[in-house]
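What you are looking at is a predicted structure, and each value in this text was computed from that prediction instead of being measured.
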Amino acid sequence: MPELPEVEVVRRGLHAAVTGGVVRSVEVRDERALKRHVGPALDFVDRLEGEVLGEARRRGKFLWVPMSGGAALVAHLGMSGQLLARPVGAVDERQLRVRIRLERGGADRELRFIDQRLFGSLAIDRLCVAGDDDVLPTQVAHIARDPLDPLFDEPAVIDRMRASTRGVKSVLLDQGIVSGVGNIYADEALWRARLHWARPAASISRAKVWELLGHVRDVFLDALAEGGTSFDALYVNVNGESGYFSRSLRAYGRAGEPCERCGTPIRREPFANRSSYRCPRCQRLR
DNA sequence: AGGGTAACCTGTATGC
DNA sequence: TGCATACAGGTTACCC
């Protein structure tokens, strides 16, 4: 569920809530929430306890918090993951999977990982130096920079996208080419660019792909300004608050509603075991 | 190479 | 009320 804007909202919240905290204890209530951790739950707990948490970082949809010992606490929210900063003693959420008790400035609080569907997970991972001198957790090394990254190499990404004969949406969702885009924002950017999701990327002009990436960046920034997209209580920031960008969606989830440009009803179509939404008039194949 | 599919999970909405 | 089905923001593996 959470795509770049939602994950970035969480990252900013983590910065305010946990940076500088010392891990006092860790409770793993469901080991399935450690899917990305190499090793048993006990190892996860041992490597986390006593560490001082640094400043939260993000690449694409991955989050991590560097720790004093040199490793990092890595999080991916999957479809339904949440990271919440809660006071000690607050009532446990139904899907609370991992509880991390922190001490900061003499006060205790909890960083909680909640995940309904368990496609997200936490892990302790070591940091490595990736291609361009970037320090990343090893499991994040294959993730490309996102369009909001100051070092995003736009001409190189345009080349890579146009080197593919795949459908343009499939390329947008490929986190190894451009990261942070998921099903919602792919459909929104394609609507803004008037492109059909199945259009082969290689058939789109350089200028048009450049425009498309501009729309991806714009829709990310628009969503960020609204606190992200929440359809229900599944996506919330670290304080448990929803975002409001769902009001501004123009394609995603709007099947049957008139396109804001031309009035034609938005259509839902099967795509890669999920759904794509497009305007059948503005976003044609040829 | 890249598409289709399934697997990993739980919860909600809908229809009968 | 119950039951069956479809669907949901992601990622990865495997099979053609």
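Checking each of A/Phe245, A/Tyr277, A/Phe271 against A/Tyr252 for a ring-ring contact (aromatic ring centres under 6.0 Å, His included) leaves exactly one that passes, namely A/Tyr277. Test A/Leu34, A/Val74, A/Leu63, A/Val28 against A/Leu122 for side chain to side chain contact (heavy atoms under 4.5 Å, CB included) and you get one pass: A/Leu34.
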Original post:
What string of B, S and - do you get for nucleotides 10-15 of chain B, 5' to 3', if B is base contact, S is sugar-phosphate-only contact and - is no contact with any protein heavy atom under 4.0 Å?
Top reply: BSS---

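In this structure, A/Asp146 does not pair ionically with A/Lys61, as no charged nitrogen and carboxylate oxygen lie closer than 4.0 Å. One finds no salt bridge joining A/Arg250 and A/Asp187 here, because no Lys/Arg side-chain nitrogen approaches an Asp/Glu carboxylate oxygen to under 4.0 Å.
The side chain of A/Asn183 approaches C/dG10 more closely than any other nucleotide in the set C/dG10, B/dC8, B/dG2.
Ring-to-base geometry does not place A/Phe119 in a stacked arrangement with B/dC9 (centre distance under 5.5 Å, plane angle under 30° required).
Across C/dA6 and B/dT5, the matching P atoms stand 14 Å from one another, rounded to whole Å. Rounded to whole Å, the P atom of C/dC3 lies 24 Å from the corresponding atom of B/dC9. For the P atoms, the distance from B/dA6 to C/dT5 is 15 Å, rounded to whole Å.
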Subject >> Pair assignment for DNA chain C - dot-bracket with | for other-strand partners, Watson-Crick or G-U under 3.5 Å >> reply: .|||||||.|||||||

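Side-chain N/O atoms of A/Asn273 and base N/O atoms of B/dA6 include a donor-acceptor pair closer than 3.5 Å.
Taking atom NZ of residue A/Lys35 and atom P of nucleotide B/dA7, one finds them 14 Å apart after rounding to whole Å. Whole-Å rounding puts the A/Tyr235 OH to C/dG10 P distance at 14 Å. C/dC7 atom P lies 14 Å from atom CD of A/Glu269, rounded to whole Å. Rounded to whole Å, the distance from CG on A/Leu34 to P on B/dC9 is 13 Å. Distance, A/Glu31 CD to B/dC8 P: 18 Å, rounded to whole Å. For the pair A/Asp174 CG and B/dG2 C1', the interatomic distance rounds to 11 Å; values are reported in whole Å. The CG atom of A/Leu234 sits 13 Å away from the P atom of C/dA8 (whole-angstrom rounding). If you take CG of A/Leu77 and P of B/dC9, they are 18 Å apart, rounded to a whole angstrom.
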Atom pairs under 3.5 Å: protein N/O with N/O of nucleotides 11-15 of chain C:
residue : atom : partner : partner atom : Å
C/dT11  : OP1  : A/His76 : NE2          : 2.9
C/dT11  : OP2  : A/Lys61 : NZ           : 3.0

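A/Ser80 and A/Arg117 are not linked by any side-chain donor-acceptor pair at a separation below 3.5 angstrom, with hydrogens and angles left out of the test. The closest side-chain donor-acceptor pair between A/Ser276 and A/Glu269, if any, does not fall under 3.5 angstrom.
If you check every strand for non-hydrogen atoms under 4.0 Å, A/Tyr185 touches nothing.
Around atom CZ of A/Arg281, no more than 12 heavy atoms belonging to other residues, nucleotides or ligands sit under 6.0 Å away. Within 6.0 Å of atom CD in A/Glu31, 12 or fewer heavy atoms from other residues, nucleotides or ligands are found, so the atom counts as exposed in its surroundings. Atom CZ of A/Arg57 has 12 or fewer heavy atoms from other residues, nucleotides or ligands within 6.0 Å. The environment of A/Arg126 atom CZ is sparse: at most 12 non-hydrogen atoms of other residues, nucleotides or ligands sit within 6.0 angstrom.
The phosphate of B/dG2 has OP1 or OP2 within less than 4.0 Å of a side-chain N or O from A/Thr165. Taking 4.0 angstrom as the limit, A/Ser170 places a side-chain polar atom (N or O) nearer than this to OP1 or OP2 of B/dG3. For A/Ser164 and B/dG2, the shortest distance from a side-chain N or O to OP1 or OP2 is below 4.0 Å.
The 5' end of DNA chain B is approached more closely, in terms of each residue's nearest nucleotide, by A/Ala163 than by the other of A/Ala163 and A/Ala272.
For the pair A/Arg261 and A/Trp191, the cation-pi test (distance below 6.0 Å, angle within 45°) is passed.
Contact between A/Asn183 and A/Glu3 at its shortest, heavy atoms only, is N-OE2, 3.4 Å. Across A/Val238 and A/Val10, no two heavy atoms sit closer than the pair CG1-O, 3.8 Å.
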